[in-house]
Amino acid sequence: MLSYQHIYHAGNLADVQKHALLAWVLAYLTKKDKPLTYVETHAGRGLYDLGSFEALKTGEAAAGIAVAEERGWFAPDHPFAKVLKGVRDEHGRDAYPGSPLVAAGVLRAMDNLQLAELHPKEFAALDELMAGRAVRVKRDGVEYAKSILPPEPRRGVLLVDPPYEIKDDYKTMADLLVQVHKKWNVGVLMLWYPILKDGPHKPMLRTLEQAIPDGIRHEVKFPPARDGHRMIGSGMFVVNAPFGFTEESARLSKLFGTLA
Ligand code: SAM
């Protein structure tokens, strides 16, 4: 199907939660002088223009990253703030990093990035952007992750961030996490999911919490982007969360709690 285009949603409140936690986790792991592997199943194009017609049309970034920054959610030394600054310095004031650039902005030359994206146009943009920095593959991200994990080096992070356009995605992603965790028990696994009014993510979480009881669930609620919009929040299920993750996610919860 592949009709989802992240440019309409880049920099929204769900991205703020996901990218802030991702940057924080990677920054924590890079404190140790040992190489890491970063794998992403649904990478997107990596860089978004918040001044584009699509981004302005939905206004999601204006209600997302713009509000977070206006309210000072991220101090200048927060890993997410540092990435935002670096990306704007390089690509202009309206530039917003997708997760591959968030990762590349935090990780070091010794770390290994492996990114899957299936949409031909998104992949072409990602391929050009990340050339020389990451392995890029145009294939199904779930199959790709299964084929390369556990990785070498073993320390590392898997980010799973599908569009959930297909109803089965909820089951597919739960199965992926459970399977990967069995093969790669030291890997930090991060699964993003939308919180929709009718709660289609709930069976997925039941499966995950039963199979991986020490996984951590972080959820934030926010006003829908438009009248009638189904998404009322976003969540991350994290396996092997680093020390301090609970405090950082609680800090974010408090900030999201201040939104009307
Ligand atoms: N992770 C990105 C970020 O935070 O910047 C956003 C990713 S967006 C939510 C989901 C992406 O998955 C879209 O770019 C879409 O084209 C891609 N996609 C959809 N089905 C896919 C599949 N089976 N394998 C890999 N990528 C897929």
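Remember, it's 1-based here, ligands and their atoms both numbered in the order they're listed.
Every residue two or more places apart in sequence or in another chain that forms a side chain to side chain contact (heavy atoms under 4.5 Å, CB included) with Glu69 is listed here: Ile65, Leu84, Arg88. For the side chain to side chain contact (heavy atoms under 4.5 Å, CB included) test, residues two or more places apart in sequence or in another chain that qualify with Leu259 are Leu13, Val67, Arg71, Trp73, Phe222, Pro223, Phe256. Among residues two or more places apart in sequence or in another chain, the side chain to side chain donor-acceptor pair (under 3.5 Å) test is passed with His91 by none.
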Dump all N/O pairs between ligand 1 and the protein below 3.5 Å as a table: atom names plus distance, one pair per row.
unit_1   : atom_1 : unit_2 : atom_2 : d
ligand 1 : 1 (N)  : Glu40  : OE2    : 3.0
ligand 1 : 1 (N)  : His42  : O      : 3.0
ligand 1 : 1 (N)  : Ser99  : OG     : 2.8
ligand 1 : 1 (N)  : Asp161 : OD2    : 2.7
ligand 1 : 4 (O)  : Lys18  : NZ     : 3.3
ligand 1 : 4 (O)  : His19  : NE2    : 2.8
ligand 1 : 4 (O)  : Ser99  : OG     : 3.0
ligand 1 : 4 (O)  : Asp161 : OD2    : 3.2
ligand 1 : 5 (O)  : Ser99  : N      : 2.8
ligand 1 : 5 (O)  : Ser99  : OG     : 3.4
ligand 1 : 14 (O) : Glu117 : OE1    : 2.8
ligand 1 : 14 (O) : Glu117 : OE2    : 3.3
ligand 1 : 16 (O) : Glu117 : OE2    : 2.6
ligand 1 : 23 (N) : Asp140 : OD1    : 2.7
ligand 1 : 24 (N) : Gly141 : N      : 2.9
ligand 1 : 26 (N) : Leu118 : N      : 3.3

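Between the CG atom in Leu252 and the CE atom in Met236 there is a gap of 10.0 Å [rounded to 0.5 Å].
Remark: Asp168 does not engage Lys171 in a salt bridge, criterion side-chain N to carboxylate O under 4.0 Å.
Side-chain atoms of Ser99 and Glu40 form a donor-acceptor pair, as typed in the model, at a separation below 3.5 Å.
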